[in-house]
Structure formats: structure tokens, C-alpha cells
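Here's the structure, in C-alpha cells; my notes come after.
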Amino acid sequence: MNFFSKKSRNYIFLLIVILALIGTTGALAASGWGNVGSAGFSAGAVSYTWIDFNNSNVPFVAFSDGATSSYATAMKYTGNTTTDTDATANDGWEYVGLPGFSEAAASYVNIAIDNSGTPIVGFRNGWVSVMQYTGNTTTDTDATANDGWEYIGGRRASAYPAASSSLALDSSGTPYIAYKDASGAGNNRATAMKYTGNTTTDTDATANDGWEFIGGQAFSDGNTSFPSIAVDNSSTPYVAYRDDRSGVFRVTVMKYTGNTTTDTDGQANDGWEYVGGPQINPTTVYSISLVIDGSDKPIVAFSDSSGTTVMHYTGNTTTDSDATANDGWEYLGGVSGSGRAGGESVSLALDSSDTPYLAYQGGVSVMKYTGNITTDTDIKANDGWEFVGSEQFSGGAQQFTNLALNSSGTPFVAFRDTTQSFYASVMTPDSTPPTASSSVPSNGSNVTTGPTQLTVTFSEDVKDDSSTGAANTVANYLLVEAGVNGSFDTLTCLAGTVADDTEIPISGAAYTSAGFTTTLTLGSALPDGSYRLYVCGTTSIEDYADNELNSGLSDAQISFTVSPVAAASASALPATGFRHGSVTSLSEQPTAKAYTDTAMTL
């Protein structure tokens with residue numbers, strides 16, 4: 001569809017040149033982030049949001065779902081806005097199986113997608129449970145019949161009650177869990193398990209379920225909180241946790257080597273060892289996220305009194321840069337508190353080149369570590385960290401922030417959106433400007449009855465907050481009727497109506513995000529005439545990433561006519577070339593065109 005006349009294209013080119021000269025392109029978004037589907041796409045308020053991708057870069061989220069009494073729900077984004085199965089129509093999100101598939105309220109919900117594309121969800125519901133979606137609605141093993149979800153190894157993967165939990169998969173898709181063991185024997189220490197599928201020789205207290213303790217129950221030296229488990233390329237599990245012994249609440253990282261005689265922690269012969277020593281940071285922490293890089297080195301992020309800090313283990317015990325000397329851990333960037341305090345929602349991820357990305361809550365912020373200490377854009381100069389887009393791009397005091405990267409290294413963040421009644425939202429960097437994709441009347445059409453409403457459909461969700469950049473702001477539309485010269489002299493919204501065009505008042509603009517459509521209300525039906533609607537990009541309508549319509553360079557132009565008789569095409573004219581029922585005036589014809597007298601009489 002061509003929304004631009006030849007005359008307006010010439011002026012658009014001139015406008016582009018002028019904008020280039022003054023250095024204002026409007027193409028770069030202020031926040032740089034947009035919603036995936038609709039903001040607040042879940043059916044109710046959520047908590048414990050988590051996100052991961054399959055090999056086709058389809059994002060999956062799982063959360064504790066307030067719409068199902070806090071049972072676990074999983075969803076995926078397909079982008080199909082007409083056939084999605086969830087309660088928020090036309091947003092491109094679909095349920096994976098049925099909502100609320102767990103048998104009880106779920107907390108500490110994690111989702112991971114294995115190499116075959118199977119979603120695996122771990123959560124705490126008193127004990128730790130792990131389930132997978134097979135899609136088989138007749139043979140699934142859980143209590144919610146026909147939902148396609150099955151337990152991995154039985155209803156209770158953990159042998160004992162758990163206070164918090166974490167899930168990870170190794171490269172072959174084997175699930176591992178770590179949790180704060182709330183049993184009498186566990187005494188709130190860390191326990192880790194993996195699923196082997198061996199139902200006769202497993203070592204935990206729940207016989208024949210295929211789950212085994214990794215190194216024995218309760219391997220940590222003291223009470224723990226916020227366990228985070230990750231697995232390296234050799235399937236060696238690492239667990240980071242808040243080490244609560246002696247009431248100091250600092251970070252400890254351990255790994256399982258299986259060596260029962262030389263391990264370095266206080267629990268002799270369990271095969272677990274400290275990575276660099278216990279309690280690697282100097283202050284109380286509130287949230288922990290652990291990843292393992294391609295060289296099998298752990299990187300840990302946490303929120304403490306100095307903000308959000310990232311540390312990596314180099315093993316160099318004499319030159320490390322952190323406050324705990326000679327432990328082999330160093331601040332990534334040379335300082336603590338590279339990000340602001342993240343409360344209980346700090347999340348760390350690595351791209352394929354091992355570049356760390358960090359997300360934390362508040363108004364959600366995402367940072368990446370470039371190592372450039374002179375040009376970084378974040379709150380601490382010269383630390384090598386930079387914001388991805390704007391700081392606090394989501395607005396609001398968001399919660400349960402979780403970060404994942406797709407195979408291209410693009411970050412996506414899932415969170416409980418306090419600006420959307422605590423429903424789930426997912427955001428990702430967005431630099432694609434919206435466009436006007438269709439309209440009623442359509443461009444170039446004729447309508448036989450004067451409309452009282454016009455509609456414009458956009459290529460994506462755009463603002464509808466009545467701001468200057470909103471699609472429901474009347475000033476972002478300009479409707480004119482061509483004057484006596486029969487052509488449109490108005491060029492842009494920015495320049496305004498030009499004589500002899502006549503501006504037609506628009507009395508209202510109502511936007512619906514379900515179809516990305518604005519309905520414009522007119523004061524009365526349009527009389528016969530030629531009209532052009534300008535959908536303002538030059539002034540300008542914006543999406544939620546602050547990208548301007550048509551990059552702010554031009555307006556969308558929709559031209560149409562109102563006439564009770566539509567203009568006939570050449571094929572509809574009689575053989576004489578003259579229209580029936582009307583008088584056609586001809587100029588004086590040359591002698592050669594005169595009829596020859598045949599003396600015919602009728």
C-alpha cells in the first residue's frame with residue numbers, strides 16, 4: 001500500500017536531508033525497549049516469573065499464577081495474534097498445556113527448555129517438584145488430567161520439605177535442582193539432586209523415583225538462602241547461595257567434584273568443595289544469580305548494600321581485586337555496585353561470546369559488560385558496564401525480574417509488572433519503528449456513503465496514554481478535504497493545513513491494543529468530496545520503546561473519496577466511450593472526423 005503521493009515523497013526527501021543536517025533522526029528510541037506481545041499478557045497477577053528459549057528462539061515463561069490460586073502456569077510467545085489460547089486475546093501468547101498445571105500453589109518457579117524443545121519447570125510447593133510438558137493429554141502422570149504435563153520421577157523430587165529452590169539442565173537435558181533443605185536433617189542447609197531415571201539404585205529418601213542426592217544431603221556448612229544452581233560443560237554442578245552462618249549472610253559458591261577425600265569444605269567426604277573459599281563478599285546479600293562461562297569458570301551476581309555486584313572466579317589468589325583477599329574472586333569491572341540495588345530479583349546471563357548481561361528490578365534495568373572503562377554509560381564510571389537502552393526502561397517498581405538471551409544474544413526480561421496490575425510482561429530491545437499498515441477507508445478507495453468514523457491499524461502496539469506520542473491523542477491525526485484546485489496542498493502534520501485545503505475536525509480517538517487499531521470519530525458524516533487523512537509521524541505517534549511512527553520522518557497518508565457513484569473503470573464504459581445517463585461535452589472536432597452522409601432514414 002502506497003500512503004505517499006509523488007509530491008509528498010519529494011518533500012519527505014527534503015525533510016530527511018534537513019534532519020540529517022541538524023542531527024535529529026528520531027530513529028533511536030529513548031528507552032530502546034518494547035513489549036513482547038502485550039504488556040500484562042497473563043490472565044491474573046503473577047509472581048516468580050522466569051524465562052527461557054527453545055532452539056527456535058521461541059520465548060517461554062513460567063510463573064506462579066494468581067488467576068489459578070498461585071498454581072504454576074507456562075506460556076510461550078508465537079506471535080500469532082488470532083489463534084492464541086490464553087485469556088488475553090490477540091496478544092500472541094499461548095498457554096503451554098493448561099494454566100495452573102501444578103497440583104498446589106507454586107513458588108520459586110523456574111523454566112528451562114531442553115535440546116529437544118521440551119519445557120521443564122521446577123518449583124517449590126512445600127517440596128520441590130519438577131515437571132515436563134510432553135503434550136500427551138491422555139497418559140500424563142499428574143493429578144491435572146489431560147494437560148500434557150508429567151512429573152519427572154514422581155510428585156516430590158526433593159526428599160524433604162524445601163524453603164527455596166533452583167533448577168538447571170546440563171548439556172544433555174538432565175535436570176538438577178538445589179534447594180534450602182527445611183527438613184530436620186537438612187537444618188536449612190543446601191541440598192542438590194539430579195535426575196538419573198534409575199528407579200532402583202537412587203540414593204535419596206524417596207525410593208524408586210530416579211532422583212539422587214549429589215554428594216549427600218545438606219552439603220553446606222551452615223544455613224543457606226537463595227540457592228542458584230548451574231552446570232558446566234562437563235556436567236559438574238555449581239551452587240551459589242547466601243551463607244547465613246554466624247548471621248553475616250554473604251555469598252558462597254561450591255562445586256561438586258566427587259572427590260570424597262580431598263574436598264575443602266566442613267562437610268568431610270561429601271565431594272563438595274568451595275570455589276575460592278566461603279563468603280566471598282564483605283556485606284549482606286539479598287539475591288543471587290549464578291552462571292558458568294565457556295571456560296567452566298563461575299560468575300555470580302548479587303544485590304547487597306552497595307548495589308548490584310558481579311564477580312568472576314579467576315583462581316588468581318594474589319592479584320584479585322575484591323575485598324576478600326587471595327580467594328581467587330574478582331569484581332567484574334573492578335568495583336562493587338556496578339548496578340543499583342536489585343532487591344530480591346537479580347538475574348545474570350551470558351551470550352555465545354561469554355559477554356555477561358545483568359538485569360535487576362526497580363524500574364527494570366539491563367546492563368552488559370563490555371570492558372570499555374572510558375566510554376561506559378552506566379552509573380559507575382570506568383567499570384566497563386553499559387546500560388542496554390535506558391536505565392529503568394520499564395517504569396514502575398517492577399518485581400521478580402528474570403533475564404534470558406536468545407541465540408542471537410538479544411536480551412529478554414520477564415517480570416511482574418506493577419504498572420499492569422501485577423500481571424506478567426516481557427520486554428526486549430526494540431528499534432523497529434511502527435507504521436500504519438491498513439485503514440478504513442483504505443488508501444485510494446471510494447465510499448458511497450459519508451463515514452462518521454475512520455480506523456487506522458498499526459503494525460505493532462503503540463502508546464495509548466493520551467500523551468503527545470499516543471495513538472489516542474486527536475492531535476496526532478489531520479483530516480483535510482481538497483479545495484477548489486482539486487489537489488492536496490497540505491504536506492505534513494508538522495507543517496499543518498495549507499490553503500486551499502479545508503481541515504475537517506476530528507472529535508475523538510479511541511485505541512485498542514488487541515488489534516493495534518485507532519477509531520477516529522468525526523463530528524458528522526463526510527459529504528461528497530476528496531479527503532486525505534494524515535497519521536502523524538512527523539509530530540509523532542510512538543510505540544512503547546519510544547520509536548516514532550515512520551522513524552519520525554514522514555506521516556502516513558490515506559487518500560479516499562466520498563461519492564455516491566464510484567468512478568468507473570475503462571472496462572465499464574460503453575463501446576462509444578461515453579457514460580450512460582449524462583451529457584458529455586466535446587471540443588470542436590476536425591473536418592476529418594465528420595460523419596459521411598449515407599441518406600439513411602429511420
Side-chain angles (χ1 to χ4, degrees), residues 28-29 31-33 228 230 238 240 251 253 275-276 280-283 285-343 345-393 401-406 408-413 428-429 431:
L28 182 62
S31 71
W33 288 73
S228 179
Y238 290 68
V251 177
V253 181
V275 179
I280 62 175
N281 72 303
T283 56
V285 300
Y286 308 101
S287 177
I288 298 172
S289 181
L290 175 70
V291 296
I292 311 297
D293 69 16
S295 300
D296 291 340
K297 297 292 186 182
I299 304 174
V300 64
F302 51 87
S303 178
D304 63 10
S305 58
S306 64
T308 299
T309 297
V310 181
M311 300 181 71
H312 64 142
Y313 183 72
T314 64
N316 189 323
T317 59
T318 57
T319 62
D320 54 14
S321 59
D322 66 298
T324 309
N326 303 330
D327 66 350
W329 286 91
E330 301 185 11
Y331 292 127
L332 192 58
V335 296
S336 62
S338 290
R340 301 189 194 279
S345 293
V346 170
S347 186
L348 189 63
L350 303 177
D351 68 13
S352 59
S353 300
D354 283 337
T355 299
Y357 286 72
L358 173 68
Y360 53 89
Q361 70 179 32
V364 178
S365 297
V366 173
M367 305 171 70
K368 70 175 180 178
Y369 182 72
T370 64
N372 189 323
I373 61 173
T374 56
T375 62
D376 54 15
T377 58
D378 68 300
I379 58 176
K380 275 200 173 173
N382 305 330
D383 66 350
W385 287 92
E386 300 183 7
F387 286 121
V388 179
S390 296
E391 183 182 14
Q392 301 180 340
F393 57 79
T401 301
N402 186 250
L403 171 70
L405 309 181
N406 66 15
S408 300
T410 302
F412 286 67
V413 181
T428 189
S431 60

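Scanning both residues, Leu405 and Gly409, for their nearest heavy atoms gives CD2-O, 4.2 Å. Across all non-hydrogen atoms, the minimal contact from Thr410 to Pro429 is CG2-CD, 4.1 Å. Here the closest non-hydrogen pair linking Thr355 and Tyr369 is CG2-O, 3.4 Å. When all heavy atoms of Gly328 and Tyr313 are compared, the closest pair comes out as O-CD1, 3.3 Å. Nearest heavy-atom pair across Ala301 and Leu358 is CB-CD1, 3.8 Å. For the residue pair Pro411 and Thr428, the shortest heavy atom distance occurs at O-OG1, 2.9 Å.
To the nearest 0.5 Å, atoms NE2 (His312) and CD (Glu330) are separated by 4.5 Å. Note that OG of Ser289 and CG of Asn402 are 7.5 Å apart. Values are rounded to the nearest 0.5 Å. Of the inter-residue distances, the one linking Tyr331 atom OH with Met311 atom CE reads 5.5 Å to the nearest 0.5 angstrom. Separation of atoms CD1 (Ile292) and OH (Tyr238) is listed at 5.5 Å; rounding is to 0.5 Å. Note: Phe302 CZ to Thr308 OG1 = 9.5 Å, rounded to the nearest 0.5 Å. Here the straight-line distance linking atom CG of Leu348 with atom CG of Leu290 works out to 8.0 Å at 0.5 Å rounding.
Formation of a donor-acceptor pair under 3.5 Å by the Trp33 side chain with backbone atoms of Val388 is found in this model. Ser347 places no side-chain N or O within donor-acceptor distance of the main-chain N or O of Thr401, the cut-off being under 3.5 Å. Remark: side-chain polar atoms of Ser287 are not paired, donor with acceptor, to backbone N or O of Ser303 under 3.5 angstrom. Panel note: side chain Ser345, backbone Tyr360; no donor-acceptor pair is recorded below 3.5 Å. Looking only at distances, no side-chain donor or acceptor of Asp354 sits under 3.5 Å from a matching main-chain atom of Asp293.
Val366 places a side-chain heavy atom less than 4.5 Å from the side chain of Phe393. Residues Thr309 and Asn281 have side chains not in contact (no heavy-atom distance under 4.5 Å, counting atoms from C-beta outward).
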Subject >> From CA spacing to verdict: side-chain contact (heavy atoms from CB on, under 4.5 Å), Trp329, Val275 >> reply: CA-CA 9 Å; Trp329 286 91; Val275 179; 3.8 Å; yes

